[in-house]
Structures are given as C-alpha cells and as structure tokens.
Engineer: 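One structure follows; several queries about it will come next.
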Amino acid sequence: MGGVEEGLVGTVSSSPEHVFSYRTLLSVEINAKITTDLHGHKAINSFTNVPHLLAKILQSYSQNEKGSQRGEEQLPCMVFDVIPVILPFAEVVRLSLPEDQRVTVTTITVGLSAVLTCSIHGALRPPIIWKRNGVILNFLDLEDINDFGEDDSLYITKVTTIHMGNYTCHAYGYEELYQIHILQVNVPPVIRVYPETQAQEPGVSASLKCHAEGIPNPRITWLKNGIDVMPKLSKQLSLLANGSELHISSVRYEDTGAYTCIAKNEVGVDEDISSLFIEDSARKTRLSVGNMFYVFSDDGITVLQPNECEIRRHIRPEERIFTSYEEICPRVEGEDTQSCLWASAVNVRDKYIYVTQPKQNRVMIIDIETQKAIQFLDVDPLPTKLHYDKSHDQVWVLSWGDMKQSSPTLQVIPEASAGEDPHVIHTPFEGVDDFFIPPTNLIINHVRFGFFFNQSKHVVHKIDLETVTHIKTINLKAYNCVPQAMAYTHLGGYYFVQCRRNRSAATSLQLIIDSVSDAVIGPNGDVSGTPHVSPDGRYLISADTGSGRIRVQTLTVRGEIKLIHDLKTNIRISDLTFQPSFTEGNQYYIYATSHLQTDVLFVELSTGRMNVLKNLKDPITSKDWPWSSYNRIMKDSGLFGQYLITPAKDSLFVINGRQNTLRCEVSGIRRGNTVVWVGEV
C-alpha cells in the first residue's frame with residue numbers, strides 16, 4: 001500500500017460536550033475492486049492490500065459517497081489494479097464526547113468478561129482505535145482481547161488481574177479527542193490458616209494465624225465453634241494485625257475448639273478452620289521434620305530448627321546416597337579435606353529438595369520425610385541455578401558449561417514431585433545466561449510463561465512453560481538495554497527488567513513490559529536497580545547496588561505504579577526478602593543483606609522506617625561465591641514464619657522477624673549460602 005496523507009481542517013467546541021469538526025481529504029494508493037450496482041453507481045467493494053482497519057475506514061467513506069456524482073468521477077473502472085484514489089469529502093466530520101464520560105471507571109470481578117464501549121460519536125466517525133499503555137491493540141492477535149465488535153467496543157474475555165489499568169479510545173486519525181477507561185478488577189478472598197491443628201498444655205500461649213488476599217482487601221473475622229469471638233476479646237484473647245492473628249496469652253481447657261477464620265470482601269467470602277486442643281500432657285507426635293531450614297555448606301547439610309536454634313540433623317559429606325551408595329560429596333583428588341560445593345536448591349512441595357553440585361555436574365535429590373539423599377541426576381556441566389515451576393511440577397536447571405559460561409544450557413526435570421524415575425529434558429534454547437519464571441501466590445496459582453536472556457543481546461525471549469517452546473522475542477534495542485534481572489507483578493501484568501549498567505551510564509535503566517501486549521512500555525521513570533516484587537504483587541522494591549538507593553513503589557488496584565519511598569542507605573545490597581507484618585494486615589517488611597558490610601537492613605514498607613541489625617560478621621566473598629551476585633542471601637521462613645536466616649563466612653545468623661532482633665548465631669558452618677525452608681510436612 002502506498003502512503004496515507006490526511007489534510008484536516010478542524011474546530012473545537014468549548015461546550016461541555018466536546019465536539020470536533022473536520023473537513024477531511026484522504027489520499028491513498030490502494031488495490032480496489034470496483035462494482036456497479038443495479039442503478040449504475042460505481043462503488044468500492046473490497047480492498048486487497050490494506051489492513052483491516054483501513055479497509056473499514058475506506059469502506060465507510062465509500063458508502064457515504066455512494067451516489068455522489070463527484071465520487072463517481074473519481075473512481076476509474078478498474079478491477080484489482082493499483083490506482084491512486086482521491087476521495088474529497090464535502091461532509092464535515094463531527095465527533096463529540098460528553099464531558100462526564102471523558103474518564104470512566106469499570107469494575108469487574110475476576111473470571112468474568114468485560115466490554116468497554118467508546119463514547120465518541122459523530123457523523124462519519126472513523127473506526128475506533130484502542131490503546132493500552134500507549135500500544136494500539138486493534139492490530140494485535142491477542143488471546144483475551146480479540147473482538148472489537150460492530151460498535152468498535154473492546155471485549156476482554158475472562159478478565160484477570162493483569163488486565164487492570166488504563167485503556168484509551170479515539171477515532172482513527174483524530175487522537176486529540178480520546179476517552180480514558182479505567183478497568184478495576186475485584187478478586188474474591190483466598191485464605192490460608194496456620195496451623196491446621198495444634199495441642200497445647202494449660203498456661204502456655206497459643207496463636208492461630210490467617211492470611212487472606214483479595215481485592216479489595218478482605219475483612220477478617222473469627223468464630224469459635226460457630227460463635228463470634230469479638231465479644232470475648234480481652235487481655236487473654238486478642239486479635240493482631242487486623243485480625244490476621246488470634247492470640248491467646250494463657251490457654252485454658254475451655255479454649256479447646258474449632259476456630260474458623262472468615263475473610264470477606266464485596267465480591268466473595270472464604271473460610272478455613274484451625275483447631276486447638278488443650279490437654280494436661282499435650283500430644284507429642286513423632287519428631288517433626290517440618291518447619292526447618294536446610295543449609296547446604298562445605299561440611300554437608302545442616303537441618304536447623306530456628307525457634308530453638310537447634311541442629312536437628314547433620315548430613316556429612318561422606319554419607320551415602322541411598323540408591324547408588326555413592327558418597328554425597330566425593331573426595332576430590334588433591335584436596336586435603338572432603339568437602340561439598342553447592343550452588344542452588346529448591347523445595348518441591350515439601351516432599352523433596354533438589355540441589356545442584358557444580359563439581360559433580362549433577363542435581364541431588366533429598367527426601368524430606370527421611371532426611372536422606374535418595375538419588376542424583378546427571379546434568380550438563382556446572383549446574384548453577386534451579387527454579388521450581390510449581391504450576392507444571394518441573395524443576396528448571398541452568399548449566400554454565402564452564403566457568404567462563406561459554407556453553408550454557410537450560411534443562412527441565414518434569415514431574416519433580418512424583419519421586420519416580422526422574423529424568424532430564426534438554427530444551428532447544430541456545431545462549432541462555434539466565435532465566436526468569438514468575439512465582440505463584442494465593443491469587444495467581446498458575447503461571448504459563450517464562451523468559452530467558454543472555455549477557456550480550458538486547459532482547460528477552462518469551463517461552464511457554466508447558467510445551468517448553470519459544471513464543472516470541474521482545475526487542476529492547478531501542479533502549480540500549482541488555483537484560484540482567486527480571487521481576488513480575490500480576491497487578492496490571494507488568495514485567496520489570498533491570499538493564500546492565502554500561503560504562504557511560506551512572507545508573508542501570510529499569511524497563512517495564514506489558515504482559516497483555518508483550519510491548520515495552522518504556523523506563524520505570526528514573527528508577528534503577530534490581531527489581532523485587534512482594535509475594536502479593538503490591539510492592540516493587542528496586543535496590544541500586546552502586547548507590548545504595550532503594551526505591552519503594554506500590555501497585556494500586558487500578559494498575560498504577562506509584563513511588564512511595566525513596567530511601568538513601570550506605571548498604572550495597574546483595575539480597576533481600578519480604579517478611580509479612582505482625583502488626584498490620586496485608587503489609588510487609590523487607591530484610592536486606594550487603595555484599596561487603598556486616599549489617600542487615602530492615603525497612604517497614606508502609607512507613608519507610610529503617611533500622612539496622614549490626615555486626616553480623618563478614619559475608620562470604622564474591623571469589624568464594626562465583627555462582628551469582630547474591631554472595632550473602634537472606635532466606636525467610638514462608639507465609640507464617642517469623643524467622644530469617646543469613647550466612648556469614650563461617651557461621652549462620654538467625655533473625656527473629658517478629659521482634660526485629662538477632663535470635664542466635666550458629667558457628668562452624670562455612671559457606672552456607674544455599675538455604676531452603678521446609679514448612680509443615
């Protein structure tokens with residue numbers, strides 16, 4: 001198709017109803033099929049080399065000109081020939097949009113379908129163009145936005161939280177007059193209680209916890225044996241964190257019962273039961289293997305119970321693997337002591353732990369129930385990173401090939417929780433230096449897509465996790481961005497990409513990709529650094545290692561990204577994690593470690609208040625930890641845990657997150673920078 005030229009002569013009305021009037025001259029070069037009707041009038045019948053939308057525009061204009069003597073004179077009688085067509089329209093295009101409809105808000109419940117109708121009307125109105133985050137949707141082949149209807153409405157099938165945000169519409173060629181549609185997505189509550197059951201002796205304290213997520217934030221109430229506990233609240237029985245915790249300071253026999261947590265918002269309700277038994281001699285089940293940290297260090301595997309700072313099990317390097325009877329960490333020729341080298345580990349549904357052994361080119365599998373190494377899988381040389389994709393029950397394995405990362409590969413271990421005949425599948429992807437798979441949470445329990453990228457190309461590659469196939473390549477060249485790390489929030493469906501710092505730039509750029517259209521929206525303002533998203537998707541923390549600056553942004557229920565705290569610190573952050581608040585519902589703290597310093601940073605996200613835990617000894621050096629930039633990790637203890645763990649060179653520190661204090665130091669554990677939390681088993 002040739003070029004499209006538009007000559008516009010327009011006036012704007014200042015009345016409450018915005019009216020735009022235009023005389024339009026449209027000049028195009030097209031392939032046109034001319035037909036003659038029964039009355040001898042010639043008309044454009046179809047267009048063979050123009051996009052659907054432009055064809056619709058021309059068809060609209062040709063129908064308005066049908067019968068016009070001037071229109072007939074301009075149409076040569078040719079069939080499927082390239083012709084210049086000059087369509088001068090004497091009619092005035094009048095477009096109007098009522099003032100009270102310039103911005104409209106639509107609220108829809110997740111799982112339903114939404115229809116957004118453009119309120120721009122007028123004579124000879126061209127077809128409507130829809131945009132999201134500045135990207136035109138009409139020409140995209142989208143799975144969930146695929147029908148624009150006869151009235152040019154926008155149809156979204158099976159709305160999810162990624163669809164929330166701003167949409168705009170305007171008539172083709174008339175962008176000055178546009179309507180904003182704000183789509184809000186409500187989500188019914190989803191809850192988890194902890195523990196499901198517990199037994200306590202009289203006189204001790206007991207807590208029953210309930211974590212609820214939903215949009216809007218759910219309200220939590222408690223029943224005991226079906227009766228509301230609110231009238232019984234006292235010093236002995238109290239509610240904490242907006243009802244998220246029911247605390248009994250000194251339990252009595254009459255406190256035995258079934259406690260029901262009910263979470264309710266405008267669009268739904270969810271409930272679950274936590275049972276409490278008060279007995280003279282509380283039932284002692286067999287020694288629990290859950291609620292433990294598994295720490296992988298030079299001296300094997302240490303199973304640590306954080307509440308008592310007690311080592312429950314120590315699996316030494318010379319112990320044997322159950323199926324092969326090989327040593328867990330074989331002695332290396334030339335080394336004085338028998339030691340282990342680990343890189344990455346993941347918890348697979350509290351049944352198994354998969355952990356990489358780079359020197360042995362294998363992934364070892366630990367059975368959590370028996371606390372034994374049961375088997376290993378040979379993988380490509382130098383496996384350095386694991387990720388458990390819970391949605392598809394598969395473990396992803398990144399191998400470097402060698403220390404120069406000259407031949408990296410990405411592999412998959414399917415049916416990871418089955419425990420029977422584990423095997424490795426090689427993916428077809430080449431040049432994989434790193435990969436990213438979004439985590440699940442209470443609201444988002446299935447993830448379809450992941451990404452991989454390398455250290456030299458200005459692209460990220462989108463992959464289908466189920467079929468293990470390449471979907472598309474997203475180009476970042478326009479921003480001179482070589483990706484280094486990624487994060488994701490389901491609120492608005494944003495991917496955040498940290499770009500590698502080039503020598504000429506003072507900071508590293510952070511880009512935003514819209515998961516609905518896979519389009520690059522642009523930079524995240526002037527925010528730089530590694531992105532971290534809270535488990536519920538509501539907070540984005542960007543930590544700039546070079547400057548120590550920490551930006552805290554919040555994701556609103558309208559899909560907006562707002563900066564709420566800009567924190568200046570002198571800590572060059574290595575790793576950070578999120579700890580649910582013990583005083584406020586649906587809030588978080590962060591705990592962050594330093595690459596070089598001995599301090600740990602604490603930040604309360606709701607207020608921006610900072611504190612520092614000092615003198616937690618020197619971190620592991622980058623030389624002793626070549627596998628990632630996280631040379632000092634910070635590991636939390638899950639949704640209901642209050643303990644965190646971070647390693648120093650030769651010891652471990654356990655932090656009490658509820659009290660924001662150091663709980664204990666466990667000495668004699670060298671290079672314990674691979675840690676897994678195992679919850680209830």
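Hydrogens, waters and symmetry mates are skipped; everything else that's a heavy atom, side chains included, is used. All values reported here derive from a predicted model rather than from experimental measurement.
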Engineer: Quiz question: by atom type and distance under 3.5 Å, do the side chains of Glu196 and Ser274 form a donor-acceptor pair?
Structural biologist: no
Engineer: Would the Tyr495 and Phe451 ring centres measure less than 6.0 Å apart?
Structural biologist: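 Ring centres of Phe451 and Tyr495 closer than 6.0 Å.
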Engineer: Any chance the side chains of Ser637 and Gln642 put a donor and an acceptor closer than 3.5 Å?
Structural biologist: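 No donor-acceptor contact under 3.5 Å links the two side chains.
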Engineer: Atom CD1 of Ile191 and atom CD of Glu271: how far apart are they, to the nearest 0.5 Å?
Structural biologist: 7.0 Å
Engineer: Please check if the side chain of Ser574 supplies one atom and the backbone of Asn631 the other of a donor-acceptor pair under 3.5 Å.
Structural biologist: yes
Engineer: With a sphere of 6.0 Å drawn around CD of Glu318, does it hold more than 12 non-hydrogen atoms of other residues, nucleotides or ligands?
Structural biologist: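 Counting neighbours around CD of Glu318, more than 12 heavy atoms of other residues, nucleotides or ligands fall under 6.0 Å, so yes.
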Engineer: So does Arg670 pair up with Asp624, basic N to acidic O under 4.0 Å?
Structural biologist: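 Here Arg670 pairs with Asp624 in a salt bridge, since their nearest N and O are under 4.0 Å apart.
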Engineer: Does the side chain of Ser581 pick up a donor-acceptor pair with the side chain of Glu584 at under 3.5 Å?
Structural biologist: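 No, Glu584 and Ser581 have no side-chain donor paired with an acceptor closer than 3.5 Å.
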Engineer: What distance do Thr221 atom OG1 and Leu239 atom CG have between them, rounded to the nearest 0.5 Å?
Structural biologist: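 Here the rounded value is 9.5 Å.
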Engineer: Counting N and O atoms only, with roles assigned by atom type, does the side chain of His595 sit under 3.5 Å from a partner on the main chain of Asp575, one being a donor and the other an acceptor?
Structural biologist: no
Engineer: For the pair Thr577 and Asp636, evaluate side chain to side chain donor-acceptor pair (under 3.5 Å) and give the outcome as yes or no after the intermediate values.
Structural biologist: CA-CA 7 Å; Thr577 193; Asp636 63 81; 2.7 Å; yes
Engineer: Counting only heavy atoms not in Lys623, do more than 12 sit closer than 6.0 Å to its NZ atom?
Structural biologist: no
Engineer: Would Asp566 and Ile550 count as a side chain to side chain contact (heavy atoms under 4.5 Å, CB included) if you check the C-alpha gap in whole Å, the side-chain angles of each, and the deciding distance to 0.1 Å?
Structural biologist: CA-CA 6 Å; Asp566 187 349; Ile550 300 173; over 6 Å; no
Engineer: Side-chain donor-acceptor pair under 3.5 Å between Tyr294 and Gln371, yes or no?
Structural biologist: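 Per modelled atom types, Tyr294 and Gln371 side chains form a pair under 3.5 Å.
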Engineer: Which atom pair, heavy atoms only, marks the closest approach of Gln553 to Asn524?
Structural biologist: OE1-ND2, 2.9 Å
Engineer: Walk me through it: do Leu613 and Leu662 pass the test side chain to side chain contact (heavy atoms under 4.5 Å, CB included)?
Structural biologist: CA-CA 8 Å; Leu613 297 177; Leu662 180 63; 5.6 Å; no
Engineer: Is it true that, when you exclude Lys209 itself, more than 12 heavy atoms of the residues, nucleotides or ligands shown sit nearer than 6.0 Å to its NZ?
Structural biologist: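 Yes - once you tally the heavy atoms of other residues, nucleotides and ligands closer than 6.0 Å, there are more than 12.
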Engineer: Could you state the interatomic distance from NE2 (His211) to CG (Leu442), rounded to the nearest 0.5 Å?
Structural biologist: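 His211 NE2 to Leu442 CG: 5.5 Å, rounded to 0.5 Å.
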Engineer: Would a distance-only check, ignoring hydrogens and angles, find a side-chain to backbone donor-acceptor pair under 3.5 Å from Arg551 to His565?
Structural biologist: no
Engineer: Are any of the side-chain nitrogens in Arg549 or Asp544 under 4.0 Å away from the carboxylate oxygens of its partner?
Structural biologist: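 Looking at Asp544 together with Arg549, the answer is no, because their closest N to O distance does not fall below 4.0 Å.
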Engineer: Could you grab the distance from atom CG of Leu240 to atom CG of Leu246, nearest 0.5 Å is fine?
Structural biologist: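 Reported to 0.5 Å precision, the distance equals 8.5 Å.
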Engineer: Hey, what do you get for OG1 (Thr356) to CH2 (Trp627), rounding to the nearest 0.5 Å?
Structural biologist: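 Answer for the OG1-CH2 pair, Thr356 versus Trp627, is 8.0 Å.
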Engineer: If I take atom OG1 from residue Thr598 and atom CZ from residue Arg632, how far apart are they, to the nearest 0.5 angstrom?
Structural biologist: 7.5 Å
Engineer: Give me the ring orientation class for Phe582 and Tyr589: parallel if the planes are under 30° apart, tilted from 30 to 60°, perpendicular past 60°.
Structural biologist: tilted
Engineer: According to the interplanar angle, ranging from 0 to 90°, do the rings of Tyr494 and Phe496 count as parallel (below 30°), tilted (30 to 60°) or perpendicular (above 60°)?
Structural biologist: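 Answer is tilted, since the angle falls between 30° and 60°.
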Engineer: Would you say NZ of Lys264 has more than 12 non-hydrogen atoms from neighbouring residues, nucleotides or ligands within 6.0 angstrom?
Structural biologist: no
Engineer: Give a yes or no on whether the backbone of Cys329 and the side-chain of Glu319 come within a donor-acceptor separation of less than 3.5 Å.
Structural biologist: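 Not a single qualifying donor-acceptor pair exists.
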Engineer: Going through the distances and angles, do Asn225 and Tyr259 end up as a side chain to side chain donor-acceptor pair (under 3.5 Å)?
Structural biologist: CA-CA 6 Å; Asn225 299 328; Tyr259 292 80; over 6 Å; no
Engineer: Other residues, nucleotides and ligands only: do more than 12 of their heavy atoms fall within 6.0 Å of NZ on Lys359?
Structural biologist: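 Buried by this count: over 12 neighbours within 6.0 Å.
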Engineer: Gln200 and Glu279: side-chain donor and acceptor closer than 3.5 Å?
Structural biologist: no
Engineer: Would you check, one step at a time, whether the test side chain to side chain contact (heavy atoms under 4.5 Å, CB included) holds for Lys617 with Glu665?
Structural biologist: CA-CA 10 Å; Lys617 294 188 175 178; Glu665 179 184 3; 2.8 Å; yes
Engineer: Does either side chain, that of Glu245 or that of Ser207, offer a donor lying less than 3.5 Å from an acceptor on the other one?
Structural biologist: yes
Engineer: Evaluate side chain to side chain donor-acceptor pair (under 3.5 Å) for Arg658 paired with Tyr643, printing each intermediate quantity in order.
Structural biologist: CA-CA 8 Å; Arg658 181 184 283 270; Tyr643 295 102; over 6 Å; no
Engineer: With Thr530, which of Gln498, Gln484, Gln510 fulfils side chain to side chain contact (heavy atoms under 4.5 Å, CB included)?
Structural biologist: Gln498
Engineer: Just do the side chain to side chain donor-acceptor pair (under 3.5 Å) check on Asp536 and Ser534 with the steps written out, would you?
Structural biologist: CA-CA 6 Å; Asp536 62 0; Ser534 62; 2.7 Å; yes
Engineer: Is there a donor-acceptor contact under 3.5 Å linking the side chains of Ser250 and Gln236?
Structural biologist: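 Absent: no donor and acceptor within the cut-off.
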Engineer: Parallel under 30°, tilted from 30 to 60°, perpendicular over 60°: which one fits the rings of Phe435 and His387?
Structural biologist: perpendicular
Engineer: Would you confirm whether Thr323, through its side chain, and Ile374, through its main-chain N or O, come within 3.5 Å as a donor-acceptor pair?
Structural biologist: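 Yes; at least one donor-acceptor contact below 3.5 Å.
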Engineer: Please answer whether the main-chain N or O of Lys372 pairs with a side-chain N or O of Asp367 as donor and acceptor at a distance below 3.5 Å.
Structural biologist: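 Flag not set: sc Asp367 to bb Lys372 has no pair under 3.5 Å.
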Engineer: Kindly give the heavy-atom pair with the smallest separation between Ser297 and Gly672, and that separation in Å.
Structural biologist: CB-CA, 3.9 Å
Engineer: Give a yes or no on this: more than 12 heavy atoms of other residues, nucleotides or ligands lie within 6.0 Å of atom CD of Glu310.
Structural biologist: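 Result for CD/Glu310: enclosed.
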Engineer: Under a 3.5 Å distance rule, please check whether Gln357 uses its side chain to pair with a backbone N or O of Gln360 as donor and acceptor.
Structural biologist: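 Flag not set: sc Gln357 to bb Gln360 has no pair under 3.5 Å.
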Engineer: Would you say the rings of Trp677 and Phe293 are close, in the sense that their centroids are separated by under 6.0 Å?
Structural biologist: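 Distance test on ring centres: under 6.0 Å, yes.
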Engineer: Under the criterion side chain to side chain contact (heavy atoms under 4.5 Å, CB included), I'd like the reasoning laid out for Ile215 against Arg538: C-alpha separation, chi angles, the key distance, then a yes or no.
Structural biologist: CA-CA 11 Å; Ile215 302 174; Arg538 293 176 186 262; 4.1 Å; yes
Engineer: Is a donor from one side chain sitting under 3.5 angstrom from an acceptor on the other, for Thr440 and Asn445?
Structural biologist: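 Side chains of Thr440 and Asn445: no pair found under 3.5 Å.
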Engineer: If we ignore hydrogens and angles and just use 3.5 Å, is the side chain of Asn673 paired with the main-chain N or O of Ile633 as donor and acceptor?
Structural biologist: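 Here the side-chain-to-backbone pair exists.
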Engineer: Between Ser244 and Ala241 (side chain of the first, backbone of the second, donor and acceptor by atom type, cut-off under 3.5 Å), is there such a pair?
Structural biologist: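 Judged by distance alone, yes, a pair lies under 3.5 Å.
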Engineer: Does Leu491 offer a backbone N or O that forms a donor-acceptor pair with the side chain of Thr161 under 3.5 Å?
Structural biologist: no
